[in-house]
Amino acid sequence: MGILDDMPLLARHEGVWDGSYTYFNAAGVEVDRHTSRLFCRFSDDPVHPYHQTNYYTWPDGRVDVRDFPATYRDKRIWWDNDLIIGSAWEVPQDHEGRTMMLYWQRTGDPSLYLYEMIQISDDGQNRCRTWHWIRNGQLETRTAIQETFVTRDWRSLDPALRKV
């Protein structure tokens with residue numbers, strides 16, 4: 001059994017997703033907003049069978065690209081890079097098969113960690129995600145993410161990824 005067999009819900013997320021991120025401070029005040037295009041993909045790479053690349057764009061034209069290759073073991077994908085350390089797993093108690101969870105902390109900052117819940121629609125065309133950023137046991141930020149599925153053919157939308 002491999003990652004696609006062990007994590008069928010994660011497999012449903014493969015492809016390109018367009019969305020928006022809205023950040024709120026602990027008091028509920030909006031502090032940031034930007035759009036995104038995420039490339040979620042699987043490969044035959046034995047070290048990093050799952051790989052996600054996130055493109056973020058702000059209204060002022062700023063762009064940030066973040067790359068997240070993940071290893072796989074114990075029915076989880078795992079990250080350990082310059083930005084985050086953590087993992088993602090499917091929630092077996094969700095009998096509808098819609099929910100994934102993530103936990104990670106910022107590399108080099110053990111006082112800040114994050115839990116994320118991801119919900120995918122039954123038709124696989126939409127997903128919503130929420131992040132709770134916690135620093136020293138206190139809520140610091142919430143992030144609300146809404147995404148729409150674009151295509152499963154991620155290679156066709158980004159020439160840099162065609163080699164993957």
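In what follows, residues are counted from 1 in the order of the sequence shown.
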Please report the closest heavy-atom contact between Arg12 and Asp122, naming both atoms and the distance. NH2-O, 3.1 Å

Before accepting this row, confirm whether a basic side-chain N of the pair Arg66/Asp64 lies closer than 4.0 Å to the acidic partner's carboxylate O. yes

Is the Trp131 ring parallel, tilted or perpendicular to the Tyr23 ring (thresholds 30°, 60°)? perpendicular

Could you check if a side-chain atom of Asp45 sits within less than 4.5 angstrom of a side-chain atom of His51, using non-hydrogen atoms only? no

What pairs of residues pass the side chain to side chain donor-acceptor pair (under 3.5 Å) test when at least one of them lies in residues 74-84, not counting sequence neighbours? Arg76-Ser87

Step through it carefully: locate the ring centre of Trp154, locate the ring centre of Trp17, and say whether they are under 6.0 Å apart. no

Without hydrogens or angle criteria, can the side chains of Arg62 and Tyr56 be said to hold a donor-acceptor pair below 3.5 Å? no

Looking only at heavy atoms, what is the nearest atom pair of Glu90 and Leu9, with distance? OE2-N, 2.7 Å

Ring centroid separation for Tyr21 and His34, is it under 6.0 angstrom? yes

Could you verify whether a donor N or O on one side chain and an acceptor N or O on the other, from Arg41 and Thr53, lie under 3.5 Å apart? yes

Flag the pair Asp67 / Pro69 as yes when at least one side-chain heavy-atom distance between them is below 4.5 Å, and no otherwise. yes

Whether the Asp153 and Thr151 side chains hold a donor-acceptor pair (N or O, under 3.5 Å, no angle test) is what I'd like checked. no

What's the shortest heavy-atom distance between Thr71 and Val47, and which atoms? CG2-O, 3.2 Å

